[in-house]
Amino acid sequence: PNGERRLFRETVKRCNSSFVRVLGLRLTEGDAAGLNTSAGLLLPRSLARRMFGDEPAVGRIVRIGGETCTVCGVYADLPANSVFPNWICRGGSDSDFEPFRSSHNYMCFIRLDSPASHDEVAAEMNRRIRAFYGSEEVGVRLTCVRDIYFARDILYDFPTKGNRRMTDILLAVAVLVIVIASINFVNFASALAPVRMKLINLQKILGAGVPSLRLSLLAESVAVAFAAYLAALCLVGCLAGTPFAGYVDADMSFAANRPLVGWCALVALGVGLVAGLYPAFYMTSFRPVLAVRGTFSHSAARRYRMALVGVQYVISIGLIVAALFVGLQNRYLRRYPTGYDRNRVVVVSLTSGALERRDALVGALKSRAEIEEVAFAFQRFGAEENFSGWARPYRDRGDISFRVLVVTPEFLRVLGVRPSEGRDFSDADPLREQGTYIFNQTARRRWDMRPGDCISETRHVSGWGEIAGFLPDGFRAYSRHRAEDPFALFVPGTVGWTLPLSYCYIRIAPGADLSAAVEHIRRSLHSVTPLEPDIEFLDTAVDTLYRKDFRAGVLVSAFSALAIFVSLMGVFGLVLFETQHRRKEIGIRKVCGATSASVLRMFNLRFVRIVLASFLVAAPLARYGVSVWLRGFVDAVPLSAWV
């Protein structure tokens, strides 16, 4: 505006005009017709407001990488936990999306007229694809968009993903907390029985019917549960604006979750009804004469309450075991050896302006002794796993498929890694026509690779290159959620690579002041681009692979502590009931010479026996559940007996 240049760092994805119609995006301004050309842009509403304020966005001019584009429409923001982030959608002509035009991958979305036609459409697509390639070994599958969030076997995936196993664990913990609370309600209501049954039986004497009395007690239980539900809504509303909201991927506002709020209300009413059944039937089951006599000793009811306490102990002990193992696994993920130095390496995401002045940036960075080495890469190593996938011919094995990260020759030196066999990249490698590979041990063992072998004998194609060496056996390019696939670092030669290396990796010298070094990096970046740089240490970037695991671990621990606290409340209530019921017995024992310690021992032995029996049930169940959860990791902590 007014000649002022304002810069934004945003993700841009190409899509055609039918993208909006197929996925059902809701437009708030303009239309999607402009996406038929590469100059058309579709912005999310939040970005349009940040860029243009309250003024209309349609028709405004935006430059992307030096190219001039025009905003053709604005779409309503998608939820925070959607697999589709709020990207800038940039259009393109039909030729831009020609699937056989280049090696780039595009996601294809198909809107069916009916879910029942899924199999028919997939079969027809595969028939045509196999006819085109002349092979039965190729094909596609159709995955419903709502299933993408939890899908784990997709090669090129969305950045926002969920963990079904951890989601199930959190849901199970929530159910267990409700079970414990329901048990507490039953025990507390039963503890009040001696007081309330006098009134209930007097009502019977005065002509009140048993069904009406039970209905009133059930209504009271439901009212208590619904009042607790309303209090919980208030608590969630208060937590929405606190750091706790950062542990939840979804939007915590009620407006964004109206169906969920309604379902939770029904659950609360149902829990209140179920929890109130036993007390309602128990307190109305005695004969009216007890209202006069006032004796309510009922050993069967006491045994029932003790059994419920045992269930609480089983749940609490199981949650303690689970929370400890989740904490141990998360600690292991933070500390596991990756085979490269994570602590003194800084990662910077570069803009197009900085990329164009890469040599000047390297000179500015190395002007101070704090900076030991600088390298560049095509993708964000350490923080993502969707590396480029290549299929290239190798010796007599035909095409081999592997993941690859394109880097500059200094990359391994920045990470502090030396090849276990062969040589490191050299400064002369980018000057040769062919590229240079360094593979991991998985690829070496699978295809019996040797230094000096050539990938692709066809000259002047992308990926034509020599194998210089191999990464050490402990080098980990992927998270511990998956095994190490065949992976290679690749330094391109003078032929076959034009895409920008947008991530800068900077090694800080040993003994250097980290804060001073980071400040020097910031100043150096400001010398080549006016945009505020995005700087983080590599160990922080690696932690992003496990961010959901860490958040879920905190939630499991917090709600396990809540469940244990609620269990103790229930036990406390039962102890009060027992002491109230046995006051005369305690008095007689003390008159006969019993000490306070012996009375306490008499009470506690019963609960100690319940705890031991509950542990014998809970420990193997919790161990099995934890073992199932740990199967989602390639490397996991042992199931230590000390837990």
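Owing to the predicted nature of the structure, the values given are computational and were not obtained by experimental measurement.
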A.B. asks: Kindly compute the distance separating CZ (Arg344) from CG (Leu514), expressed to the nearest 0.5 Å.
C.D. replies: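 If I round to the nearest 0.5 Å, the distance is 5.0 Å.
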A.B. asks: Test of understanding: with ring pair (Phe, Tyr, Trp, His ring centres under 6.0 Å), list the residues that count as partners of Tyr478, not counting sequence neighbours.
C.D. replies: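 For Tyr478, the residues satisfying ring pair (Phe, Tyr, Trp, His ring centres under 6.0 Å) (neighbours in sequence not counted) are Phe387.
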A.B. asks: Got a sec, which residues hit side chain to side chain contact (heavy atoms under 4.5 Å, CB included) with Val617, two or more places apart in sequence or on another chain?
C.D. replies: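 Applying side chain to side chain contact (heavy atoms under 4.5 Å, CB included) to Val617 gives Val314, Leu621.
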A.B. asks: With ring pair (Phe, Tyr, Trp, His ring centres under 6.0 Å) as the criterion, how do Phe381 and Tyr340 come out once you've worked through the C-alpha distance, each side chain's angles and the decisive distance to 0.1 Å?
C.D. replies: CA-CA 12 Å; Phe381 177 80; Tyr340 53 84; 5.2 Å; yes
A.B. asks: Which side-chain hydrogen bond (donor to acceptor under 3.5 Å, both in side chains) pairs, counting each pair once, include a residue from residues 623-636, with sequence neighbours left out?
C.D. replies: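 Passing the test, one end in residues 623-636: Arg480-Asp635.
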A.B. asks: Distance-only, no hydrogens or angles: does the Ser598 side chain make a donor-acceptor pair with backbone N or O of Thr595 under 3.5 Å?
C.D. replies: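 Checking the backbone N and O of Thr595 against the side chain of Ser598, a donor-acceptor pair under 3.5 Å is found.
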A.B. asks: What's the spacing between Ser46 OG and Leu78 CG if we round to 0.5 Å?
C.D. replies: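 Rounded to the nearest 0.5 Å, the OG-CG separation comes out at 9.5 Å.
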A.B. asks: Step by step, would you call Tyr546 with Arg334 a side-chain contact (heavy atoms from CB on, under 4.5 Å)?
C.D. replies: CA-CA 8 Å; Tyr546 308 106; Arg334 290 183 184 275; over 6 Å; no
A.B. asks: Ignoring hydrogens and geometry, is there a side-chain-to-backbone donor-acceptor pair from Ser221 to Gly272 under 3.5 Å?
C.D. replies: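 Between the backbone of Gly272 and the side chain of Ser221 there is a qualifying donor-acceptor contact (under 3.5 Å).
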A.B. asks: Let me know which of Leu415, Asn343, Val346, Asp543 forms a side-chain contact (heavy atoms from CB on, under 4.5 Å) with Leu538.
C.D. replies: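 Going through Leu415, Asn343, Val346, Asp543 one by one, the side-chain contact (heavy atoms from CB on, under 4.5 Å) with Leu538 is satisfied by Leu415 alone.
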A.B. asks: Would you give me the side-chain donor-acceptor pairs under 3.5 Å for residues 232-245, sequence neighbours excluded?
C.D. replies:
residue	atom	partner	partner atom	Å
Thr242	OG1	Leu239	O	2.7
Thr242	OG1	Phe244	N	3.4

A.B. asks: Could you grab the distance from atom CZ of Arg609 to atom CG of Asn604, nearest 0.5 Å is fine?
C.D. replies: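 CG of Asn604 is found 11.0 Å from CZ of Arg609.
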A.B. asks: Are the side chains of Thr442 and Phe487 in touch, meaning some heavy atoms are under 4.5 Å apart?
C.D. replies: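 Heavy-atom side-chain distance check fails, nothing below 4.5 Å.
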A.B. asks: Glu536: what forms a side chain to side chain donor-acceptor pair (under 3.5 Å) with it, not counting sequence neighbours?
C.D. replies: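 Glu536 satisfies side chain to side chain donor-acceptor pair (under 3.5 Å) with Arg380 only.
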A.B. asks: With a 6.0 Å cut-off (strictly less than), is the heavy-atom count around CZ of Arg583, excluding the residue itself, greater than 12?
C.D. replies: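 No, not enclosed.
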A.B. asks: Cation-pi check, Arg342 to Tyr336: give yes when NZ or CZ is under 6.0 Å from the six-membered ring centre and within 45° of the ring axis, no otherwise.
C.D. replies: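 Pair Arg342/Tyr336 counts as cation-pi.
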A.B. asks: Applying side chain to side chain donor-acceptor pair (under 3.5 Å), name anything that partners Glu585, two or more places apart in sequence or on another chain.
C.D. replies: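 If we apply the side chain to side chain donor-acceptor pair (under 3.5 Å) test to Glu585, skipping adjacent residues, the hits are Arg582, Arg589.
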A.B. asks: Nearest 0.5 Å, what's the CZ-CG distance between Phe185 and Leu308?
C.D. replies: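 Here the interatomic distance stands at 13.0 Å.
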A.B. asks: Does the pair Ile169 and Val326 meet the rule for a side-chain contact (heavy atoms from CB on, under 4.5 Å), with working shown?
C.D. replies: CA-CA 11 Å; Ile169 289 174; Val326 169; 5.7 Å; no
A.B. asks: Between Gln312 and Asn184, does any side-chain donor sit less than 3.5 Å from a side-chain acceptor?
C.D. replies: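 Their side chains do contain a donor-acceptor pair, which is all the 3.5 Å distance test asks for.
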A.B. asks: What do you reckon, is OH of Tyr149 surrounded by more than 12 foreign heavy atoms closer than 6.0 Å?
C.D. replies: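 Enclosed: over 12 neighbouring heavy atoms sit under 6.0 Å from OH of Tyr149.
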A.B. asks: State the CD-CD distance between Gln441 and Glu484, to the nearest 0.5 angstrom.
C.D. replies: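 Between Gln441 CD and Glu484 CD, I get 11.0 Å after rounding to 0.5 Å.
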A.B. asks: Taking all atoms of both residues into account, what is the closest heavy-atom pair of Gly310 and Ile610, and its distance?
C.D. replies: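 Nearest pair, atom of Gly310 first, then Ile610: CA-CG2, 3.7 Å.
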A.B. asks: Applying side chain to side chain donor-acceptor pair (under 3.5 Å), name anything that partners Ser253, two or more places apart in sequence or on another chain.
C.D. replies: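 Only Asp251 meet the side chain to side chain donor-acceptor pair (under 3.5 Å) criterion with Ser253.
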A.B. asks: I need the minimum non-hydrogen distance between Ala225 and Ala268, along with the two atoms involved.
C.D. replies: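 Taking every non-hydrogen atom into account, CB-O, 3.4 Å.
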A.B. asks: What are the two closest heavy atoms between Ala552 and Leu170, and how far apart are they?
C.D. replies: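 Where Ala552 meets Leu170 most closely, the heavy atoms are O-CD2, 4.1 Å.
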A.B. asks: With sequence neighbours excluded, give me every salt bridge (Lys or Arg N to Asp or Glu O under 4.0 Å) pair touching residues 253-277.
C.D. replies: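 For residues 253-277, and leaving out neighbouring residues, there are no salt bridge (Lys or Arg N to Asp or Glu O under 4.0 Å) pairs at all.
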A.B. asks: List the atom of Ala516, the atom of Asp513, and the distance in Å for their closest heavy-atom pair.
C.D. replies: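 Taking every non-hydrogen atom into account, N-OD1, 3.1 Å.
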A.B. asks: Has Gln329 got a side-chain atom pairing as donor or acceptor with Ala636's backbone, closer than 3.5 angstrom?
C.D. replies: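 Pair absent, no side-chain N/O of Gln329 close to backbone of Ala636.
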A.B. asks: Determine the minimum heavy-atom distance between Lys590 and Ser596, stating which atoms define it.
C.D. replies: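 Residues Lys590 and Ser596, closest heavy atoms: NZ-OG, 3.2 Å.
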A.B. asks: Using ring pair (Phe, Tyr, Trp, His ring centres under 6.0 Å) as the criterion, list what pairs up with Phe559, not counting sequence neighbours.
C.D. replies: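 Phe559 satisfies ring pair (Phe, Tyr, Trp, His ring centres under 6.0 Å) with no residue once adjacent residues are dropped.
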A.B. asks: Just to verify, what does Tyr229 make a ring pair (Phe, Tyr, Trp, His ring centres under 6.0 Å) with, not counting sequence neighbours?
C.D. replies: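 So Tyr229 forms a ring pair (Phe, Tyr, Trp, His ring centres under 6.0 Å) with Phe226.
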A.B. asks: Does any part of the side chain of Leu217, heavy atoms only, come nearer than 4.5 Å to the side chain of Phe281, both counted from C-beta?
C.D. replies: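 Phe281 vs Leu217: side chains apart.
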A.B. asks: I'd like a table of donor-acceptor pairs (distance under 3.5 Å, sequence neighbours excluded) in which one partner is a side-chain atom from residues 562-573, with atom names and distances.
C.D. replies:
residue	atom	partner	partner atom	Å
Ser567	OG	Ser316	OG	2.7
Ser567	OG	Ala563	O	3.0

A.B. asks: In Å, rounded to the nearest 0.5 Å, how long is the span from CZ of Phe633 to CG of Leu333?
C.D. replies: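 Atom-to-atom, Phe633:CZ and Leu333:CG are 5.5 Å apart.
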A.B. asks: With a 4.5 Å heavy-atom cut-off, do Val643 and Val626 have their side chains touching?
C.D. replies: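 The answer is no; the side chains never approach within 4.5 Å.
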A.B. asks: Taking the side chain as every heavy atom from C-beta outward, state whether Thr167 and Leu171 have any atom pair closer than 4.5 Å.
C.D. replies: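 They are not in side-chain contact.
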A.B. asks: Do the side chains of Arg476 and Pro337 get nearer than 4.5 Å, heavy atoms only?
C.D. replies: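 A side-chain contact is absent here, since even the closest heavy-atom pair is not under 4.5 Å.
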A.B. asks: Verify, without hydrogens or angle tests, whether Arg403 (side chain) and Glu385 (backbone) share a donor-acceptor contact under 3.5 angstrom.
C.D. replies: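 Yes.
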A.B. asks: Can you list the residues that meet the side chain to side chain donor-acceptor pair (under 3.5 Å) rule with Asn440, with sequence neighbours excluded?
C.D. replies: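 Once residues adjacent in sequence are excluded, Asn440 has no partner under the side chain to side chain donor-acceptor pair (under 3.5 Å) criterion.
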A.B. asks: Could you check if a side-chain atom of Val556 sits within less than 4.5 angstrom of a side-chain atom of Phe325, using non-hydrogen atoms only?
C.D. replies: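 In short, these two side chains do not touch, never coming nearer than 4.5 Å.
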A.B. asks: What's the shortest heavy-atom distance between Phe603 and Phe607, and which atoms?
C.D. replies: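 Residues Phe603 and Phe607, closest heavy atoms: O-CD1, 3.4 Å.
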